[in-house]
Amino acid sequence: MNAAATRHRQQGPRPLARWRLKFRRVDYALMFRRAKLFRRPGIAGCTMLLVCVTALLGGCIDRQSADRRPNIVVILIDTLRADHIGAYGYDRPTTPVIDELARTGVRFENAVSQSSWTLPSIMSLFTSLHPRANMSSTLPEVLDDAEITLAERLREAGYSTMSVATNPYTLHELTNVMQGFDDRVAKTSAKAGWVVDQAINRLEDHGTRDSARPFFLYLHLMDVHTPYSPPPPFDSMFDTLDGAAHTEAHRKPAGVKTAAELSQSAFAAARSHTLALYDGGLRYADTEIGRLLDYLRTKGLRENTVIAIASDHGEAFWDNVELEETYNLKHTHASLKGFGVEHGNSLLEEQVSVPLILNGPGVEPGVDPLPARNLDLAPTLMALSGVPFNAGEIDGTDLRRRDAADTPAAVSETWLFQKQVTLVQGDRQLIRIGDEEILFDTIERPWRLIADEPETIAAMSAALDSYLEKARRIRSRRTTVDQKTVDSLRALGYLQ
């Protein structure tokens, strides 16, 4: 059954739609002959002719309706923390293109990723399930074939599915997370310019071969992931404290052994270099996103395309070294050497607070202050495109259909270095680290540590326990990894 018929079946056909479904598979020539329309076009014959023409036109109307389903482009910028985007209050001009998408679309002010490292996060984003439904340990783990991804659901509904990705975890053979994409291309750590070139090539092919079908395009950018290496002129776009040249130590910074190191005179200058490189990479990615949007406008596709900007997790820049030191949230990788940098070692704000922006048909512009989750993106996009799904099979919800009274809490997990789980509910975040629990106020940035709300901690701890008890069983499986992929993962800090 095609997508239009499926919608009629679920929503209840309109009167004309009943006729369309009834006659769609009928031999129209036989109908003409039985009605003797060519010999004696009486009242009955004319009536039958009208029915036949209506049925034929109905098929055309259905196809036109299907053709107007929105295209979908999801742009995931790996390692992008929300507070480095202009629309989220950053003072550097890092994201003029994304800021405009936020201004004319909806910006989810309090979006949370479901993990602080890539693999469980994107598994959660694509399946709309919490991480522990898909993974149980570190890596390598493969998404179970029984899980249904966003790409698979859209493909089944008639979408042409394409992906251009640059993270080793998006290699389909490694993790299975890209199942459902018919046209996949991946190149580890490639620049945003290459990604957009590949995306435009695929959209050109789509326009030539399959322009009648809507498309789903997924782009995974790595330009703000270590090592921070924006191309000129973006590498020198933002000032540093000392004006000196960038070094490799700035591109892939090491952690500190103790919070006392933050007060050393050389630290502030070194940090300014790392931030300048990170921000330069973001401005470069933003510029390339603008090039893709210009292409969509030129081809007349932009008006009917939903654009989603997301990230799998944030990044630490020595924001909470004292807390990391207190709870021993140390990177175990020798290259990182301690506290305060990169991601995966904590569920603090800088690692789980991410941007989430939607722009396009069906999206009401504005700022949504309610907590949002990355796993809500898939059902929201399916709802925007009219693709049915069983809400009981997923953990996410349509972000446009919730209010303060029934907004689900956001749960995030990491076990890359030390097992942790967090619950973000209303304006509070509870982080459980082993047997310890700490509470934060999330109303303002940066989130503020709270030490005087034991009743809140108890209530949120009970809510977290309830979630853990009801969590779905794990369905991933182990796999083997070739040496080239191991080297790529090691270079990105995921393996020692």
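- Contact annotation: the side chain of F181 never approaches that of L150 to less than 4.5 Å [non-hydrogen atoms, C-beta and beyond].
- No side-chain heavy atom of F238 sits less than 4.5 Å from a side-chain heavy atom of S272.
- Side chain of D395 to backbone of L129: no donor-acceptor contact under 3.5 angstrom is found.
- Side-chain atoms of L358 and T380, non-hydrogen and from C-beta on, do get closer than 4.5 Å to each other.
- Rounded to the nearest 0.5 Å, atoms CD1 (I309) and CZ (R107) are 14.0 Å apart.
- The two residues Q114 and A410 make their nearest non-hydrogen contact at NE2-CB, 4.4 Å.
- Judged by distance alone, the side chains of E315 and H343 do bring a donor and an acceptor atom under 3.5 Å apart.
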Under the side-chain hydrogen bond (donor to acceptor under 3.5 Å, both in side chains) rule, what do D279 and H84 come out as? Steps first, then yes or no, please.
-> CA-CA 7 Å; D279 290 344; H84 276 245; 2.7 Å; yes
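- Of the inter-residue distances, the one linking T240 atom OG1 with L277 atom CG reads 9.0 Å to the nearest 0.5 angstrom.
- With respect to R153, the side chain to side chain contact (heavy atoms under 4.5 Å, CB included) criterion is satisfied by exactly one of T161, L381, I394: I394.
- Within a 6.0 Å radius of CD in E204, more than 12 heavy atoms belonging to other residues, nucleotides or ligands are found.
- Looking at every heavy atom in both residues, H250 comes nearest to T274 through O-OG1, 3.0 Å.
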I would like to know whether I289 and L292 meet side chain to side chain contact (heavy atoms under 4.5 Å, CB included); could you show each step before the answer?
-> CA-CA 5 Å; I289 291 170; L292 177 65; 5.6 Å; no
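- With D427 contributing its side chain and I443 its backbone, the two residues share no donor-acceptor pair below 3.5 Å.
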Which is it for R400 and D376 under the salt bridge (charged side-chain N to carboxylate O under 4.0 Å, His left out) test, yes or no, and what are the steps along the way?
-> CA-CA 10 Å; R400 304 169 307 150; D376 294 323; over 6 Å; no
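- Looking at heavy atoms from C-beta onward, V185 lies out of side-chain contact with S163 at the 4.5 angstrom threshold.
- Using modelled atom types and a 3.5 Å distance limit, the side chains of N359 and T104 yield a donor-acceptor pair.
- A donor-acceptor pair under 3.5 Å links the side-chain atoms of K191 to the main chain of S229, judged by distance alone.
- Residues R213 and D210 are paired through a salt bridge, judged by an N-O separation under 4.0 Å between the basic side chain and the carboxylate.
- Inspection of the N71 and N304 side chains reveals no N or O donor paired with an N or O acceptor under 3.5 Å.
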Quick one: side chains of residues 215-222, donor-acceptor pairs under 3.5 Å with protein atoms, not counting sequence neighbours, listed by atom name and distance.
from : atom 1 : to   : atom 2 : distance (Å)
Y218 : OH     : H220 : ND1    : 2.8
H220 : NE2    : D78  : OD2    : 2.8

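- Here the CD1 atom belonging to I200 is positioned 6.5 Å from the CG atom belonging to D197, to the nearest 0.5 angstrom.
- Heavy-atom minimum distance, A157 versus V387: CB-CG2, 3.6 Å.
- Side chain of R69 to backbone of L384: no donor-acceptor contact under 3.5 angstrom is found.
- Ion pairing between a basic and an acidic side chain is recognised when a charged N comes within 4.0 Å of a carboxylate O; E349 and R445 show such pairing.
- Remark: the Q418 side chain and the N345 side chain contain no N/O donor-acceptor pair separated by less than 3.5 Å.
- One side chain, T118 or H313, offers a donor N or O that lies under 3.5 Å from an acceptor on the other.
- Remark: Y228 engages Y278 in a ring pair (Phe, Tyr, Trp, His ring centres under 6.0 Å) (not counting sequence neighbours).
- Within the 3.5 Å criterion, the main-chain N or O of N167 finds a donor-acceptor partner in the side chain of T170.
- Considering only heavy atoms from C-beta on, M237 comes within 4.5 Å of R283 through its side chain.
- For R202 and D205, the salt-bridge test fails: no basic side-chain N is under 4.0 Å from an acidic carboxylate O.
- Within the 4.5 Å cutoff, the side chain of I85 has no heavy atoms near those of the Y90 side chain.
- Side chain to side chain, S113 and N374 fail the donor-acceptor criterion of an N or O pair below 3.5 Å.
- A ring-centre distance under 6.0 Å is found for H130 and Y467.
- S346 and Q420 share no donor-acceptor pair across their side chains, judged by distance under 3.5 Å alone.
- The side-chain heavy atoms of V97 and E100, taken from C-beta on, include no pair separated by under 4.5 Å.
- A salt bridge links R81 with D319: at least one charged nitrogen is closer than 4.0 Å to a carboxylate oxygen.
- Between F440 atom CZ and W447 atom CH2 the span is 9.0 Å, to the nearest 0.5 Å.
- Minimum heavy-atom separation, L76 to S311: CG-CA, 4.0 Å.
- No hydrogens or angles considered: a donor-acceptor pair under 3.5 Å links the side chains of D99 and T95.
- Looking only at distances, a side-chain donor or acceptor of H331 sits under 3.5 Å from a matching main-chain atom of V341.
- Side-chain contact between R428 and L423 is absent, with no heavy atoms from C-beta onward closer than 4.5 Å.
- A distance-only check finds no donor-acceptor pair linking the side chain of R291 to the backbone of D294 [under 3.5 Å].
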Let me see the working for K299 and Y295 under side chain to side chain contact (heavy atoms under 4.5 Å, CB included), right down to the final yes or no.
-> CA-CA 6 Å; K299 294 296 182 179; Y295 168 84; 3.6 Å; yes
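- Under a 3.5 Å cut-off, the side chain of R373 and the backbone N or O of V411 do not form any donor-acceptor pair.
- Shortest non-hydrogen contact noted between P168 and T188 is CG-CG2, 3.7 Å.
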From CA spacing to verdict: side chain to side chain contact (heavy atoms under 4.5 Å, CB included), I77, D223 = CA-CA 8 Å; I77 305 175; D223 299 275; over 6 Å; no
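- With hydrogens and angles ignored, the 3.5 Å screen pairs no side-chain donor or acceptor of S211 with any backbone N or O of T208.
- T226 and P253 get closest at one heavy-atom pair: CG2-CD, 4.3 Å.
- For E152 and Q179, the side-chain atoms include at least one donor-acceptor pair closer than 3.5 Å.
- Side-chain contact of E413 with S115: a donor-acceptor pair under 3.5 Å is absent, judged by distance alone.
- With respect to the salt-bridge test (charged N to carboxylate O, under 4.0 angstrom), the residues K252 and E342 qualify.
- A donor-acceptor contact under 3.5 angstrom links the side chains of Q429 and T422, judged on distance only.
- A donor-acceptor pair under 3.5 Å is formed between the side chain of S128 and the backbone N or O of L375.
- Note that the CD atom of E393 and the OG1 atom of T127 stand 12.0 Å from one another [nearest 0.5 Å].
- Under the 4.0 Å criterion applied to side-chain N and carboxylate O atoms, D368 and R402 are assigned as salt-bridge partners.
- With rounding to the nearest 0.5 angstrom, the CH2 atom of W117 is 13.0 Å from the OG1 atom of T79.
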